[in-house]
A.B. asks: 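Here you go, one structure.
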Amino acid sequence: MSALLELENLTRTFGAFTALHDITLSLPPGRVGLLGPNGAGKSTLLKILMGLIPPTSGRGRVLDQELGGDRDSAGNWRLRRLIGFMPEAEALVPGLTGVEYVTLAGELYGMPRRDAQRRAHEVLSFLELEEARYRRVEEYSAGMRQRVKLAQALVHDPPVLLLDEPTSGLDPAGRDAMLRLVKTLGADHGKSVILSTHLLADVEAVCERVVIVAGGRVRRVGTVAELCGRRDDRYRVRVDGDPAGFRDDLETEGVHVLGEFGPGDWRVAVPRGWTNLAFFKLAEVNGVVVRALTRDDETLEELFLRTVNA
Amino acid sequence: MPAQTDTLLRYRPWRGTLRGPGWAAAAMARASVTLLARRRLYWGLFALVLLVFFFFFYGQYLVVWITTQTADDTVLIGGVKVPVANFTKFLDRLALNGTDHTFGNFIWFEGYVVVILLALAGSVLVGNDFHHGSLPFYLAKPIGRWHYVLGKCLGIGIVINLATTVPAVALWVEAGLLYDWQTYYFDNLDLLAGVLGYGLVLTVTLSLLVVATAVWVRQTVPMVMVWMGLFVLLRLLAGWLVDGLKADPEWRLIDLWNDLYLVGLWCLQADPATVRPQPQPAYWQAAVVVAGVCGACAGYLRRRVQAVEIIG
């Protein structure tokens, strides 16, 4: 199967400003989270992946479709047919009903009208907008708007979905539903998903792989498990007894408490050269009993902050 | 909740062939007409369009009927015998006789309604795309920026032609039936071509102008003000300069609707000396102004539509 993305020494400059520096990246099909702080070059990368702007130098492919050239070239039209894009902006057409909006999207992608209509009904039913499909899109709630935007990206059944902040403006239940939907589209229906978001929890919930971009460079690439499991200085420790003295002693020894889950139940980062035995020695000194001690992975948030602050 | 497994089982792949971006422009045009047709105001304005059409349609019929059926008849008014034909003298100015000026005058009068219609339509069809952020929806698709402009212009062109060219062709057909149809249609094919040419000039110029002004001002009220400025204020100013101050007839070129009228009469091959009011600039001068307006609108659109950020 061809790679989802293959980028070789991709650079993009705007005048004297270099938005992307020499990016080389290869990703297999799957669900990918694209993370980065504001101004990291994420949007520029997405624009290049959609063929909206060409790279200044370097080359790349999305599912074997070459990147580059003018945005209105036939090659870039072919590229955009492979991608269903869900923009962050509202991007609705006021006055059209849900089914007309999705049909129009299908026709814009090049579907024959009859197919686009039939497919619009199918996709809206699939996204549980069946009953709202004849209502005008401007009357939709925030959750329905996000779903109809996903429907217009999905209407021509593209192999790649590019989702820009898909949970923006959703309440927790709506967000959870949207994330499950996106995950299922990838896992059960073979869609590759590129998810661009500021919400790290969204990436953790949906994506198999993460690309962290900062300062116009790719800083980290890998599966969530690989990236977050690499560190050996994170522990989850739980003790019985009065934990105050034990915690004070830990902190004196240079251990950072990263999170507290209950009395005497902590997630900690230990200094270099620390051994497991040290926990037990300090526990004995403070009269507490270590009930659980397990190696813990780094969270995506910790990884992200460590990466962008490096 | 939308992501339930039983729901997702309904997802089916689509395996068809995608067509070229030209079809996307047609889809955009259809959506534009749908959006307009949903507003009662536009039906009201179309009723005015029909009113003007029926005035010309039945006026043409009346003139022929009076001429052929009651040409020599008179009626007594205050003891004075007045020929029936005199009652239609006021229609002479409109030239309701299936000639070049019939169609020129018809489109001229329809123009008043069309200008109002387009001033209001611009914000709905184009301004909203900028105002409500719909543009990324279009431009993220596999189409060029000019397909977007073409699609919008096509939609507006349909509205313009429904109000001008289509009824003008109907008047041409009617004129053939009222006179000698065996010779009229054949002898006046150039008039039909002129009507279609006039329609084409109106379609291209006004659709580009609507899209450009809607991209510029976006909302309805400023859009109406700009159009009133273009088509009412500049007309008054041109009339005041040429008819009042006796300035050069070239000053009429600032009146865009008059320029379009002159280009239309050029298409209809009307004699420049018969154009009212006199004096008028030359046909070619009006054509240069119209071409200049089209070029300026296209240049402006190129710059503005290119500047749109699809991914912020």
Side-chain angles (χ1 to χ4, degrees), chain A residues 43 46-47 50 52 71-72 76-81 83 85 87-96 100-101 103-105 107-113 115-116 119 122-123 125-129 138 143 147 149 152 155-157 164 173 176-185 188-189 196, chain B residues 1-32 34-39 123-125 127-129 131-148 151 305-306 308-312:
Chain A
S43 296
L46 291 182
K47 284 177 196 172
M50 285 189 67
L52 298 173
R71 82 174 293 288
D72 293 342
N76 279 329
W77 291 339
R78 278 196 295 276
L79 174 65
R80 285 204 286 281
R81 283 178 178 175
I83 298 172
F85 176 58
E88 185 188 3
E90 184 158 289
L92 301 175
V93 181
L96 292 184
E100 286 169 342
Y101 174 71
T103 302
L104 176 62
E107 290 186 90
L108 293 177
Y109 277 115
M111 294 173 82
R113 179 165 172 73
D115 284 17
R119 179 79 183 159
E122 278 178 18
V123 171
S125 299
F126 161 62
L127 295 174
E128 299 219 335
L129 286 171
E138 65 268 29
R147 273 186 278 156
K149 274 161 57 180
Q152 63 83 32
V155 64
H156 65 304
D157 194 29
D164 196 5
D176 189 44
M178 174 62 79
L179 292 176
R180 274 189 288 135
L181 187 58
V182 173
K183 187 172 181 179
T184 315
L185 280 168
D188 298 349
H189 301 285
S196 170
Chain B
M1 294 308 236
Q4 313 238 327
T5 309
D6 59 344
T7 306
L8 289 168
L9 289 175
R10 295 208 295 265
Y11 185 85
R12 289 191 297 169
W14 178 77
R15 295 285 175 266
T17 308
L18 295 173
R19 303 186 297 186
W23 292 92
M28 264 188 276
R30 194 170 46 238
S32 301
T34 305
L35 285 176
L36 282 187
R38 294 233 162 101
R39 291 167 192 251
S123 60
V124 174
L125 299 187
N128 272 352
D129 291 347
H131 194 57
H132 291 283
S134 317
L135 218 50
F137 167 75
Y138 292 106
L139 298 183
K141 303 291 186 291
I143 61 169
R145 292 170 197 268
W146 286 111
H147 289 107
Y148 168 78
V305 180
Q306 265 184 342
V308 171
E309 286 289 358
I310 295 160
I311 302 169

A.B. asks: Identify the residue among A:I83, A:L104, A:L108 that makes a side-chain contact (heavy atoms from CB on, under 4.5 Å) with B:K141.
C.D. replies: A:L108
A.B. asks: Would you mind writing out the side-chain donor-acceptor pairs for residues 25-32 of chain B within the sub-3.5 Å range, not counting sequence neighbours?
C.D. replies:
{"residue": "B:R30", "atom": "NH2", "partner": "A:E107", "partner atom": "OE1", "Å": "2.3"}
{"residue": "B:R30", "atom": "NH2", "partner": "A:E107", "partner atom": "OE2", "Å": "2.9"}
{"residue": "B:S32", "atom": "OG", "partner": "B:M28", "partner atom": "O", "Å": "2.8"}

A.B. asks: Looking only at atom types and distance, does a side-chain atom of B:S134 sit under 3.5 Å from a main-chain N or O of A:A91, one as donor and one as acceptor?
C.D. replies: no
A.B. asks: Surrounding CH2 of A:W77 (heavy atoms of other residues, nucleotides or ligands, distance under 6.0 Å), is the total greater than 12?
C.D. replies: yes
A.B. asks: With only heavy atoms counted, which part of A:A116 is less than 4.5 Å from chain B, the side chain, the backbone, both or neither?
C.D. replies: neither
A.B. asks: Are A:D157 and B:R12 within salt-bridge range, i.e. N to O under 4.0 Å?
C.D. replies: no
A.B. asks: Where on A:R119 is there a heavy atom nearer than 4.5 Å to chain B: the side chain, the backbone, both, or neither?
C.D. replies: side chain
A.B. asks: To the nearest 0.5 Å, what is the distance between CD on A:E90 and CZ on B:F137?
C.D. replies: 12.5 Å
A.B. asks: With rounding to the nearest 0.5 angstrom, report the CG to CD distance, B:L35 to A:E100.
C.D. replies: 8.0 Å
A.B. asks: Applying side-chain hydrogen bond (donor to acceptor under 3.5 Å, both in side chains), run through A:D115 and B:W14 and close with a yes or a no.
C.D. replies: CA-CA 9 Å; A:D115 284 17; B:W14 178 77; 3.3 Å; yes
A.B. asks: Determine the minimum heavy-atom distance between A:R80 and B:A140, stating which atoms define it.
C.D. replies: CD-O, 3.3 Å
A.B. asks: Just do the side chain to side chain contact (heavy atoms under 4.5 Å, CB included) check on A:D72 and B:H147 with the steps written out, would you?
C.D. replies: CA-CA 10 Å; A:D72 293 342; B:H147 289 107; over 6 Å; no
A.B. asks: How long is the straight-line distance from CZ of A:R78 back to CG of B:L18, given to the nearest 0.5 Å?
C.D. replies: 12.5 Å
A.B. asks: Under a 4.5 Å heavy-atom cut-off, does chain A meet the side chain of B:I143, its backbone, both or neither?
C.D. replies: both
